[in-house]
Amino acid sequence: MPAFHAAIIRWYRRNARDLPWRRRSDPYSVLVSETMLQQTQVARVIPKFEKFLAAFPTIASLACAPLADVLRMWSGLGYNSRAKRLHETARTVLRDFNGQVPHAIDDLRTLPGVGRYTAGAVASFAYGADEAAVDVNVGRVLSRALLGKDRITGSAIWELAARVVPRGRASMWNHALMDVGALFCRPNPDCAGCPARRNCVFSTSGKPERKTGARRGRALSAKAPFLGSRRYYRGRVVRALTCAPRLSLLALGEQVKEDFAATDVAWLRDLLAELERDGLVALDANRAHVRLPTDARQS
DNA sequence: AAGTCGTGGTC
DNA sequence: TGACCAAGACT
């Protein structure tokens, strides 16, 4: 396992957030929590989750309940169409899947309200499948840590995420990435506290594309430990604070600096070569810049 | 593929 | 204070 994974897993074993839905791993509970969490803050879901399960303890009870009752339990969460879809999904599971939430991603995605993310979440959290689940947090963490970009979207981030899921540990891994994204690798990141800072392209050689505006808080350089120091790539001084969309100069350069875990360098280089071979990224002549497919945007 | 869907918190 | 935002899905 690359040091990048090890650092995150190690941190997670000791510091995982104790969230109600992490105390349950049955497919129905996962389906409920992940649906509630779509575009909804964790703090808002926490009080609703247990009450909802108390009211509808099984998928059958949800399927049989009147929609009005479901919507009542949903009130305060917003996006009420999610409740309708969840209700419909419960009915579909009873009718078409013999009451068992399907394992297969393709089956999961036929359920109303279950998109790519939720399907991956159910497959990994409930069934332990080696599936990625890319939400905004996971996308941000992987984009920054592995590509040095602030946020990659589109198919590229899914391809990347799928390739770095550790076999047999997808559930823990996906949870861990979410915690890192929520606690440290936020839009305004706290790199100094991040368990992956020494394995991260972003914290060692990058800088977020900062939205201008007073409310965005202090610059990353005020918090990040390694920014501001000079780095070298092919004998050339690299300014650590440049925000050019590029790969890790540290990871690709021959001169690996002490603040980037050495064992990650080979792994990351191999990963990037793989991505390049498969056309998911394109490296320039200096192997210092990366282009992405047209549907992989950077925000 | 850009718009829409809800709510409550933040500053 | 109003604009922005948060474990996305759907059309």
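Chain identifiers are assigned alphabetically (A, B, ...) following the order of the sequence lines, protein sequences preceding nucleic acid strands; residue numbering begins at 1 within each chain.
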Atom-pair distance (CZ on A:Arg116; C1' on C:dG8), nearest Å: 13 Å
Do A:Tyr127 and A:Val30 touch side chain to side chain, with heavy atoms closer than 4.5 Å? no
Salt-bridge contact A:Asp69-A:Arg72 (side-chain N to carboxylate O under 4.0 Å): yes
Rounded to whole Å, CD1 of A:Ile46 lies from P of B:dG9 at a distance of 14 Å
Using a heavy-atom distance cut-off of less than 4.0 Å, which residues of residues 100-115 of chain A contact DNA chain C? A:Leu111, A:Pro112, A:Gly113, A:Val114, A:Gly115
Check DNA chain C against residues 8-19 of chain A and give the residues with a non-hydrogen atom under 4.0 Å, in numerical order. A:Arg17, A:Leu19
Round to a whole Å and report the spacing from CD of A:Gln38 to P of C:dC10. 8 Å
Tell me, please, which residues at least two apart from A:Arg116 pass salt bridge (Lys or Arg N to Asp or Glu O under 4.0 Å). none
My understanding is that only residues two or more places apart in sequence, or in another chain, count here; which of them pass ring pair (Phe, Tyr, Trp, His ring centres under 6.0 Å) with A:Trp11? A:Phe184
Qualifying residues under side chain to side chain donor-acceptor pair (under 3.5 Å), relative to A:Tyr117, sequence neighbours excluded: A:Glu34
Among residues at least two apart in sequence or on other chains, which ones pass ring pair (Phe, Tyr, Trp, His ring centres under 6.0 Å) with A:His175? A:Phe125
What interatomic distance, in whole Å, is found between P of B:dT4 and the corresponding atom of C:dA3? 16 Å
Under a 4.5 Å side-chain heavy-atom rule over Ile, Leu, Val, Met, Phe, Trp and Tyr, are A:Leu160 and A:Val136 clustered together? no
In residues 47-54 of chain A, what donor-acceptor pairs under 3.5 Å come from side-chain atoms, sequence neighbours left out?
unit_1	atom_1	unit_2	atom_2	d
A:Lys48	NZ	A:Ser75	O	2.7

A:Tyr12: which residues meet the ring pair (Phe, Tyr, Trp, His ring centres under 6.0 Å) condition with it, sequence neighbours left out? none
Check this one for me: any side-chain N or O of A:Gln39 less than 4.0 Å away from OP1 or OP2 of C:dG8? yes
In this structure, how many angstroms lie between the C1' atom of C:dA6 and the CG atom of A:Asn188, rounded? 15 Å
Identify each donor-acceptor pair in which a side-chain atom of residues 90-97 of chain A lies under 3.5 Å from a protein atom, sequence neighbours left out, and give them as a table.
unit_1	atom_1	unit_2	atom_2	d
A:Arg91	NH1	A:Ala63	O	3.4
A:Thr92	OG1	A:Glu88	O	2.8

For C:dA9 and B:dG8, measure between their P atoms and round to the nearest Å. 23 Å
Using a cut-off of 4.0 Å on non-hydrogen atoms, how would the nucleic acid contact of A:Trp21 be classed: base, sugar-phosphate, or nothing? base
Nearest-Å distance for atom pair CZ/C1', residues A:Arg140 and C:dC5: 12 Å
Please collect all salt bridge (charged side-chain N to carboxylate O under 4.0 Å, His left out) contacts where either partner lies in residues 164-178 of chain A, sequence neighbours excluded, each pair once. A:Asp130-A:Arg167
Under 4.0 Å: is that the gap between some side-chain N or O of A:Thr118 and OP1 or OP2 of C:dA9? yes
What contact category does A:Val45 fall into here, base, sugar-phosphate, or nothing, at under 4.0 angstrom with non-hydrogen atoms? nothing
Taking the same atom, P, in B:dG3 and in C:dC4, what whole-Å distance lies between them? 14 Å
Using whole Å, report how far CG of A:Asp135 lies from P of C:dC5. 17 Å
What residues from residues 77-95 of chain A pass a heavy-atom cutoff of under 4.0 Å to DNA chain B? A:Leu77, A:Gly78, A:Tyr79, A:Asn80, A:Ser81
Rounded to whole Å, CG of A:Leu71 lies from P of B:dG6 at a distance of 10 Å
Measure CE/A:Met36 against C1'/B:dT7 and give the value in whole Å, please. 14 Å
Residues in salt bridge (Lys or Arg N to Asp or Glu O under 4.0 Å) contact with A:Arg14, at least two apart in sequence or another chain: none
